[in-house]
Engineer: 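The structure under discussion is supplied below as structure tokens; questions concerning it will follow.
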2 protein chains.
Amino acid sequence: MKKYGFGADVGGTTCKIGLFSMDGSLIDKWEIPTDKTNGGENILKDVAKSVSDKMAEKGIAKEDVEGIGIGVPGPVTDDGVVHTCVNLGWGEKNVVEELQKITGFTVKAGNDANVAALGELVEGVGKGKKSLVILTLGTGVGGGVVINGKIIHGADGAGGEIGHMNVNSEEKTPCNCGNCGCLEQYVSATGIARMARMKVATCGSGETLLQQKSLEELTAKDVFDAAKLNDEVALEIVERVGEILGDAMARVAVVANPSVFVLGGGVSKAGDILTCPIQDD
Amino acid sequence: MKKYGFGADVGGTTCKIGLFSMDGSLIDKWEIPTDKTNGGENILKDVAKSVSDKMAEKGIAKEDVEGIGIGVPGPVTDDGVVHTCVNLGWGEKNVVEELQKITGFTVKAGNDANVAALGELVEGVGKGKKSLVILTLGTGVGGGVVINGKIIHGADGAGGEIGHMNVNSEEKTPCNCGNCGCLEQYVSATGIARMARMKVATCGSGETLLQQKSLEELTAKDVFDAAKLNDEVALEIVERVGEILGDAMARVAVVANPSVFVLGGGVSKAGDILTCPIQDD
């Protein structure tokens, strides 16, 4: 039996890489920058080199490695092909084939949120459960659905794309995906900052702590920080975020009825101040 | 190898029963009334007797029957237990165990819309596909989701309960389930009639063909019939039904991304006049 496996989470800014023992325990983790130049053509080579460097550092033999699992921020078909991945600059790319060719290892690829959902079910908060839905609230909103231990990839690799559920038929500003009114436009870090800018623009002078920064500089973290200080305007925005997120999760629940919902990504670090209005909804 | 199988679809008014060969072909079908007296205690006995009568009529030996599949209008757990089934008067009932005991046959039970989804995937419009979502638009709205050939039962047997997706947070009238604003309240036969009554009540005299009946007697069929005659008020209602249904289906699509959507139930007989606004949405 092999001894080790590698996991790589390729993001728009950094690739997070982990070395695991075969029982799923994390041995080491590190990050490398994501090189998006030239249509992201170096990304897989950089991951491969980083894995190879780590093996040299730890004295790991090639025959002791089971393979590499890689998550990418876009739809991935069952056989590991990405058709387009805007955040990495990729067009059509056979991730599995390419990384296998460079490394000689077995490779499995999946959408980042889908594999995060699987990870949470196998070794995370959903351990011992049959089904789980994850929403990763970061720059965008990723989603993953795992039922009976299997990822719902969907007919077009778009299973679990909950970030693009329509939640507002009145919205006129388009989402990155081209549609208007997607969940991502309201509950991602970018979306929360956008709602804050719109709200603060209508406030009188001195009405909110959020006016301590220019509108352009406002972040989701500013909103949660001000809400924790009981700033009325910030609380109103957080309430709205929780309401929209709670409604969307309820809609997912009538389709998949999962045992567990997991919120991940930077926005989820807000903690109770975010989860309370979701539960109230 | 066995030669035959029976299928029973238990509804609030009738039980539809079918005799099948083992390749899934329908040999015969018939209906018996659903006896809801005494908490529906006769329903399974009546199904068993009807199956037994059919075997006698056709000269089918017990050893040639593989078993009975039964669909019921409520949530059913993986092991065939119904916790409550309002439309049949049932409280907690182990459908599989009871029907097995009466008949001596192997029994499989499932929610009616879930098994309809499976049936459409195996022998219906989804034949050869991997995944399918069905919405049955009848007195209520049933839903079923099948992914990679398996029904999504959900952690509480509520997988695919799409009829109870919230589509209107402003609704004050409660659904049968107790929540307000469920899909079922707008796109079931009952829901369409309800919308028609509300709309017609605001119309001036002679404004719509729907005034040829009293408000209480208006049905979904009246609405579709009037819409086909280009009645403006009826067309507006149908447009709204299609819009609400299309929005809900789009929300299901970002979760499950099925290969096929199927609309069933009495309301689906309206045909193009219903499906066109859904596709436009």
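Letters A, B, ... mirror the listed sequences (proteins, then strands); counts begin at 1. The analysis underlying the following values was restricted to heavy atoms, covering all of them including side chains, and did not include hydrogens, waters or symmetry mates.
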Engineer: Is it true that atom CD of B:E232 has more than 12 heavy atoms of other residues, nucleotides or ligands lying nearer than 6.0 Å?
Structural biologist: no
Engineer: For B:D272, does the CG atom have more than 12 heavy-atom neighbours from other residues, nucleotides or ligands under 6.0 Å away?
Structural biologist: no
Engineer: For the interface with chain B, which of A:D156, A:V260, A:V133, A:N148 has the highest count of heavy-atom pairs at distances below 4.5 Å?
Structural biologist: A:D156
Engineer: Counting only heavy atoms not in A:R240, do more than 12 fall under 6.0 Å of its CZ?
Structural biologist: no
Engineer: Which bit of A:I147 comes within less than 4.5 Å of chain B, counting heavy atoms only: side chain, backbone, both or neither?
Structural biologist: side chain
Engineer: For chain B, which of A:P258, A:G144, A:G163, A:A158 has the most heavy-atom pairs under 4.5 Å?
Structural biologist: A:A158
Engineer: What part of A:V255 gets within 4.5 angstrom of chain B, counting heavy atoms only: side chain, backbone, both, or neither?
Structural biologist: both
Engineer: Can you see which heavy atom on B:V254 is nearest to which on A:H164, and at what distance?
Structural biologist: CG1-O, 3.6 Å
Engineer: Do B:R251 and A:N166 touch side chain to side chain, with heavy atoms closer than 4.5 Å?
Structural biologist: yes
Engineer: Mark yes when over 12 heavy atoms from residues, nucleotides or ligands other than A:E97 sit less than 6.0 Å from its CD; otherwise mark no.
Structural biologist: no
